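Note that the structure is a prediction, hence the values are computed from the model and not measured. For the numbers below, each heavy atom of this structure counts, side chains included, while hydrogens, waters and symmetry mates do not.
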Amino acid sequence: MSSLTLDAAEEIVGAALKRAQALGKAVSVAVVDAGGFVISVRRSDGARPLTPDIARAKAYTAAVMQRPGKMLKKWQESQPVFFSQLSQLPGAALPIMAAEGSVTIKKDGEIIGGLGIAGGTADEDQQVADDVLASLGYELEFAAWGVAGTAADDAGRPENSEQPERSEQPEQTEKGA
């Protein structure tokens, strides 16, 4: 079983801050472990005051929901009450944010944490997260939610969906980007 070390988290954070700076963006970056517990959070000079909290919530979501925020958006849009209640659960440490810039950290097929970027546009936050994780050798492919078929059809569908199972097709994956 792999775990995300402080050194690895700091490497991700440093690379993300550098990548955002190259885009001319002042951002905050958060990395959490697989349980959603903070390993590292940094706010660059000029980043807005709420961005560290937003980055933490994005990282938390990617880790505990075990899918990038971008994949969770369709599910959140189809079941907004369910998603709003997730943040109210006694064990929920932070809000669940199905948004760009929320990327699950996966290595050797195992989910080991979450990365949150906040401060740019949604697309910029996502670009920074994807670029950094890809450059450091982390995986960006995630199985669609529980139903075999095309990744675009299944993205964001909860595992206990009422859709019929199509077992004759191989399992598809979707890129978290």
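Gln126 and Asp130 form a side-chain donor-acceptor contact under 3.5 Å, judged by distance and modelled atom types alone.
Membership of the apolar cluster around Met97 extends to Leu50, Ile54, as traced through chained side-chain contacts below 4.5 Å between ILVMFWY residues.
Hydrophobic clustering (ILVMFWY, side-chain heavy atoms < 4.5 Å, transitive): Leu136 and Ile117 are in one cluster. In this structure, Val32 is not a member of the same hydrophobic cluster as Ile112, with clusters built from ILVMFWY side-chain heavy atoms closer than 4.5 Å. Cluster membership check: Val41 does not share its hydrophobic cluster with Val27, using side-chain heavy-atom separations under 4.5 Å among Ile, Leu, Val, Met, Phe, Trp and Tyr. The hydrophobic cluster containing Ile111 does not contain Leu140, counting ILVMFWY residues as joined when their side-chain heavy atoms lie under 4.5 angstrom apart, directly or transitively.
Rounded to the nearest 0.5 angstrom, Ser3 OG and Glu110 CD are separated by 8.5 Å. How far CZ of Arg48 is from CG of Asp53: 13.0 Å, rounded to the nearest 0.5 Å. Residue Ile96 holds its CD1 atom at 8.5 Å from CG of Leu89, rounded to the nearest 0.5 Å. Here CD of Gln66 is found 12.5 Å from OG1 of Thr61. Values are rounded to the nearest 0.5 Å. The line from CZ of Arg56 to OG of Ser28 is 11.0 Å long, rounded to the nearest 0.5 Å. The CZ atom of Arg42 sits 12.5 Å away from atom CD1 of Ile12, with the distance rounded to the nearest 0.5 Å.
Counting heavy atoms from C-beta outward, Val38 and Tyr60 have side chains that stay 4.5 Å or more apart. Residues Val103 and Tyr138 form no side-chain contact, since every pair of their non-hydrogen atoms from C-beta on lies 4.5 Å or further apart. Contact annotation: the side chain of Leu115 approaches that of Val29 to within less than 4.5 Å [non-hydrogen atoms, C-beta and beyond]. Within the 4.5 Å cutoff, the side chain of Gln127 has heavy atoms near those of the Arg19 side chain. The side-chain heavy atoms of Leu86 and Met65, taken from C-beta on, include a pair separated by under 4.5 Å.
Between the Ser102 side chain and the Gly116 main chain, no donor and acceptor come within less than 3.5 Å of each other. No donor-acceptor distance shorter than 3.5 angstrom exists from the side chain of Lys25 to the backbone of Ala20, with no hydrogens or angles considered. Ser135 places a side-chain N or O within 3.5 Å of a backbone atom of Asp131 that can act as its donor or acceptor partner. No donor-acceptor pair closer than 3.5 Å links the side chain of Ser87 to the backbone N or O of Ser84. Between the side chain of Asp33 and the main chain of Gly35, a donor-acceptor pair closer than 3.5 Å is present. Side-chain N or O atoms of Glu139 include one that pairs as donor or acceptor with a backbone N or O of Asp108 at under 3.5 Å. Using modelled atom types, one side-chain atom of Arg67 and one backbone atom of Ala143 make a donor-acceptor pair closer than 3.5 Å.
Taking the charged nitrogens against the carboxylate oxygens, Lys106 and Glu141 have no contact shorter than 4.0 Å, which rules out a salt bridge.
Between Arg43 and Pro52 the shortest heavy-atom distance is CD-CG, 3.5 Å. Ala55 approaches Ala118 most closely through the heavy-atom pair N-CB, 3.8 Å. Heavy atoms only, all atoms of each residue included: Gly46 and Ala26 are closest at C-CB, 3.6 Å. The shortest non-hydrogen separation linking Gln76 to Ala98 is OE1-CB, 3.2 Å. When all heavy atoms of Ser44 and Leu17 are compared, the pair lying nearest together is CB-CD2, 3.9 Å.
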- Leu4 vs Val31, side chain to side chain contact (heavy atoms under 4.5 Å, CB included): CA-CA, chis, key distance, verdict: CA-CA 9 Å; Leu4 193 56; Val31 173; 3.4 Å; yes
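Using cut-offs of 30° and 60° for the angle between ring planes, the Trp75 and Phe82 rings count as parallel.
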